[in-house]
Every structure is written in C-alpha cells, then in structure tokens.
Amino acid sequence: MDRVLLRRDGGDVVAADCAPDGTPGPATRLPADDLPAWVAAREGGGAVRWVWDDTTRWYPALLDAGVRVERCTDLRLTGALLRRSPLADPALLAGGDAAGWVALEPRTGGDPALFPLEDPADRLDPAAELRRQSAALAASAHGGRLGLLAAAESSGALAAAEMTWAGLPWRADEHARLLTGLLGDRPPAGLRPPVLERLAGEVRAALRAPDLNPDSPAAVLRALQTAGLPVEDTRSWTLERIEHPVVPPLLEYKRLARLLAANGWAWLDTWVRDGRFRPVFLPGGVVTGRWASHGGGALSVPVQVRPAAVADDGWSLVVADVAQLEPRVLAGMSRDAALAEAARDRDLYAGMVAAGVVATRAEAKVGVLGALYGGTRGESGRMMPRLARRYPRAIGLVEDAARAGERGAVVQTLLGRGSPLPGAAWAERLADLGEAPEPGGRDSDRARRAWGRFTRNFVVQGTGAEWALCWLADLRNRLWRLGEGSVHQRPHLVFFLHDEVVVHTPADLADRVAGEVRAAAATAGRLLFGGFPLDFPLDVAVVRSWADAG
DNA sequence: AATAATCGCGCC
DNA sequence: AAAGGGCGCGATTATT
C-alpha cells in the first residue's frame, strides 16, 4: 500500500510517497487549488493511504471539490491512540514536537479553507510524527491489533467528515409543525409559548407561589418544600413519586420546556440549513474511543423530533442498530462461550433465561447492566454471584478491570486503547464526587471504587466502540461501491451514534443497503473476534422518516 | 459584564 | 423504577 504524506507549506501543498519507516521520498509541490484534482488522479490510480496531520484540516475542502478518498492516516488521532496504549513504547513516540501533537485540537468551525491563519498544526512536522508512529507500531508486540485500531480510527475520521458534509436530511417545516402542535405558536423572543405559559400558571396556582419561575430548580425546590413536600431535588423521577396537584402540570412543564430549550425554534434556526442538520462528529472525542459531537446536541436527538428527519424525495433512510452490543462484545473479548451462546439469538437476555441462568428477562438485564457498570446494590448486586458462576470468563474480565482501576493501573480495550492514568483524572473525579483527596481515608476508598467502575466500563465500552468503528469503516466502503458519482449522489452515511447508523440512499438501492449493513456487521465481528462464534444481530429498517424505525 | 459551576435531562 | 458507565447542552446561579 502506497502511503502519501501531505503537508502544507506556505500556500502550497507538498506531497511525498513514504518508505515503510515513514521517511518521505521525492516530493511534489503544488498549489492548494490543484490538490483535489491531484488527489483524485492518484486515488484513481490504485490503492493509496493519505497521511495528514488531521482529517478536519484536509478533507472538507476535498469533499467540497467532489473528491472522496478511500483511506487515510490521521496522525492526530493515531498519535493520541498510540501515546496512551500499553501496547506501544512511549520512548519511540517522544521527542521533537510530540507535545504539539498531543495538544492539537480538531477544527470544528465551518470554514473549510485549507489554510486558516495561525493554525498551530502548521508548526508541526508530520514527517517526523509519521516516523515516530511507524517505529512504535513496528516495535509493538501487538502491532497488528494496534494497526487495525489506527486504521479504523482514521477511517472513522473520514466517515465523520463525510457525514457533516452531507448532513442529516431535516425537514424544518415538519419540525416547526411538531413544535406548534405541542407548544402553541412561536412566541416573540423572551416570552414563553402559550402552552408553557398556561402550565406555568397552573404550577404557580398549585403551589400558591404567584411569582415562581418554574425554570429555576432552586426556586421550584423552595416552593415545593414550603408546600410541605418531602423532596431534596426537583428531578422528574423524584416528583413522580409525590402525590400533589402540582406534580402533573410541573412534569408536563419540564418535559415541554426541555423540548423548547434543546430542540425548539432556536435549535432549528441555529442548526438546520438548506434541509440538513450538520453536527460535527468528533472521532476519538471520548477517552473510551466513542465519538463525541459538537453542535446541536447530536448525541441526544430526542425521539420526539425524529419525525423531522425525512429522506429526500425518491430517497430512503436505512436505520440500523445493534442489539445489546456491549454484552456481546464482552462475550467475545473474554471468549466466554456460555455468554456467546446466550447471545446466539436476537435477544441475549432471553437467551440467559432460556439457559436457566435467571428467571426473568428483567433480571437478566439488570444483572448484565450491573456487570458492565459496576452496580453493587439492590437487584443487580444480587444477580452478580449467579452471573459470575455461569459466565466466569466474562464476569472475571470486568472484575479484573475494576480491580486494576482501583489499584491505579491502566486497562486496555481488545485492540489496545489504553485508559487514562488516574492522576489528573483521579483528582477531577474526587472533585466531581465533592470529596477532598484523603489518602487512606474512606473518601478516597469511594473515589477508588468510582475509578474502578470507570475502568470496568472502559474495557467494554471501548471495545464496543472498536466494533462499531470497524462496522462503520467497512460499511462506508460498501456504500461507495453501490452507486456512482460523488458522496451525496450515492448511498451515504448521515448519522452515527455508538451502535446505530443512518444511511441516506436512493430508494431503489435501499434493500441492497440493508444487506450491506448486515454484511459489514459480520465483517466487524470477524475482524475483532476471528473465528469465535458470536452474533451481532441488527435491527434494520428502511423508512421515509427516522421516527418510523424501530 | 464575563466566566465558571451546578442542575437537570436528552441519547447510547 | 433506578442503579451503575459515557456524553452535550441550556438555564440558572455563583464567582470573579
């Protein structure tokens, strides 16, 4: 596989083929405007992996010019991976401008210009970084796994850029109709919509607090306590347990106020342009390897507004998600044949009931979630001994991860992503818990266990993210092969959230897309777990609107 | 007046 | 019915 390193130099781009150790060969210099055509020509001439500092700094402009690339190495992302991996030698990654690479932030602004002023990336030397990373991969005893992870992470960066570029089809008129139906007509700025105003009145009347601002949790709490209600906070699930006339209107107020604040008319104005919602996806944005996002709250698009996500005329959405990804991944990474057997069918929890491990599906779910998250109390705590007896390898793996975290050790995912050191993070955690660090004290024990729950979940959540990355990467290439033309003319990814994808496709290709989604899932399972027999059943729906899926 | 922390809630 | 892990975001409140 040819590797071509791209770097900016003044207003030009310098491109050079690289030796296996990362050393660049003879270079080609070309004006930035000529880059897309040059990349397209090279891309059409055979397999090539583009190496660049950061996908967010290169790919949007290529996409604007109609150029799609098959694969890349995103040095920012792969450097972050390698520098925290227990499978790579830190000494080989140190020196030079390594600190600058660690500090490098992705570009999340809308300006796709190739050469922003004063970009810290321009002070970094990508050739030197590529040599360091190549050396670290070559020296690793598990270079295969790490290399797969690096490739998957970089492929995710391409998919993320393409998703932002294409955007999720969004019907502002549908969304506005939905808002008006629930909230009443859009009010002038600074006023409540009619339905919220009416509910606020009911809340004030029920609490005999005529000046109450229902948007202020502190004020609501005081008013509730003045009315003699035994509450310490104003969370919905707290209120639901209270018998009082204020509860129904207050809960309704909170539900609709939330919709207004998070996905109301202001959200539409800010985030929907030309029929598309374009969040910025940030691969590797979460320490576990999950993606983060920026803009519009893309990680929590409420079910309530999904009716507004509608395919273009003549197009369909293919919505797919994996059932119970994390326990399946746990079965695979621990090679727990009994848990894999329970996961053989569509519903892992039902499989556990069928195997006689637990009596009910609810018990299975509570027990598994407790194992993944570290639940110790109540129902999930009671399930653990039974799970540990029947699934010793799976439960052993997460228990070991928890113990390692409690000791302050680093844990890793299947492909070698390392957990953060509990140094600075530990202090933050303590602060989050409202505790002072007292070595040896009870408070510090609590923080230690909290860190253990984090590392317990890290190995599973992180490996789940790796499965999803491989799924996404393979699917991206399969979709490309289904059509003709540029990205938005072919079936293409428009949304990704941990274990769910949405593909926008010409309607006549939708069934083939559904098949590729399943095929990609099978590929991901083989990549991560080889021949270990493990199913990843998908729910796949071909729909007009996102809301019609599931 | 601007920034930071907190609360609460949406998603997986 | 939540718990236990991971997020982003807006309104309010506290701090500088």
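Keep in mind that the numbers below use all heavy atoms, side chains included, and drop hydrogens, waters and symmetry copies.
In this structure, a donor-acceptor pair under 3.5 Å is absent between the side chains of A:D499 and A:Q324.
Taking the side chain of A:R235 as heavy atoms from C-beta on, and the options C:dA11, B:dG8, B:dG10, the nearest nucleotide is B:dG8. Out of C:dG6, C:dC7, C:dT12, the shortest distance to the side chain of A:L299 is found at C:dC7. Taking only side-chain atoms of A:P217, from C-beta outward, the nucleotide of B:dC7, C:dA11, C:dG6 with the closest atom is B:dC7. When distances are taken from the side chain of A:W237 to each of B:dG10, C:dA11, C:dA3, the shortest belongs to C:dA3.
At a threshold of 4.0 angstrom between heavy atoms, the contacts of A:V460 with the nucleic acid are absent. Across all strands shown, A:A262 has no heavy atoms under 4.0 Å from either base or sugar-phosphate atoms. Using a 4.0 Å heavy-atom cutoff across all strands shown, A:D233 reaches sugar-phosphate atoms only and no base atom. Within 4.0 Å of A:L497, counting heavy atoms only, lie sugar-phosphate atoms of the nucleic acid but no base atom. Using a 4.0 Å heavy-atom cutoff across all strands shown, A:G297 reaches sugar-phosphate atoms only and no base atom. Among the atoms of the strands shown, only primed sugar atoms or phosphate atoms (P, OP1, OP2) are found under 4.0 Å from some heavy atom of A:N213.
Using a 4.0 Å cut-off, some side-chain N or O of A:S216 falls inside it from OP1 or OP2 of C:dT13. Note on A:R258: every side-chain N or O is 4.0 Å or more away from OP1 and OP2 of B:dC9. Within the 4.0 Å cut-off from OP1 or OP2 of B:dC9, at least one side-chain nitrogen or oxygen of A:K254 is found.
As rounded to whole Å, 8 Å separates atom P of B:dG8 from atom CG of A:L221. Summarising the geometry, the separation between OH on A:Y373 and C1' on C:dA2 is reported as 13 Å, rounded to the nearest angstrom. One atom, CD of A:E406, and another, P of C:dG4, lie 15 Å apart when rounded to the nearest Å. Atom C1' of nucleotide C:dA3 and atom CE of A:M383 are separated by 14 Å, given to the nearest angstrom. Atom CZ in A:F454 sits roughly 9 Å away from atom C1' in C:dG6 (whole-Å rounding). Counting to the nearest Å, the P atom of B:dC11 and the CD atom of A:E500 are 11 Å from each other. In this structure, A:Y253 places its OH atom 13 Å from P of B:dC9, rounding to the nearest Å. Between the CG atom of A:D499 and the P atom of C:dC7 there is a distance of 16 Å, given to the nearest Å.
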Intermediate values then yes/no, ring pair (Phe, Tyr, Trp, His ring centres under 6.0 Å), A:F458 and A:W451:
CA-CA 10 Å; A:F458 180 95; A:W451 192 254; 9.2 Å; no
Could you walk me through whether A:E399 and A:R456 pass side chain to side chain contact (heavy atoms under 4.5 Å, CB included), step by step?
CA-CA 7 Å; A:E399 288 293 327; A:R456 167 198 296 269; 3.1 Å; yes
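Contact check on A:R276 versus A:D274 returns no salt bridge, with no Lys/Arg side-chain nitrogen under 4.0 Å from an Asp/Glu carboxylate oxygen. Using a 4.0 Å cut-off between a side-chain N of Lys or Arg and a carboxylate O of Asp or Glu, A:R382 and A:E363 do not qualify as a salt bridge.
The 12-atom threshold is exceeded at CZ of A:R335, counting heavy atoms of other residues, nucleotides or ligands nearer than 6.0 Å.
The side chain to side chain contact (heavy atoms under 4.5 Å, CB included) test with A:E466 singles out one residue from A:R417, A:R145, A:E153, and that residue is A:R417.
Contact detail for A:S545 and A:L317: the closest heavy-atom pair is C-CD1, 4.2 Å.
Within residues 266-295 of chain A, the residues that place at least one heavy atom under 4.0 Å from DNA chain B are, in residue-number order, A:R290.
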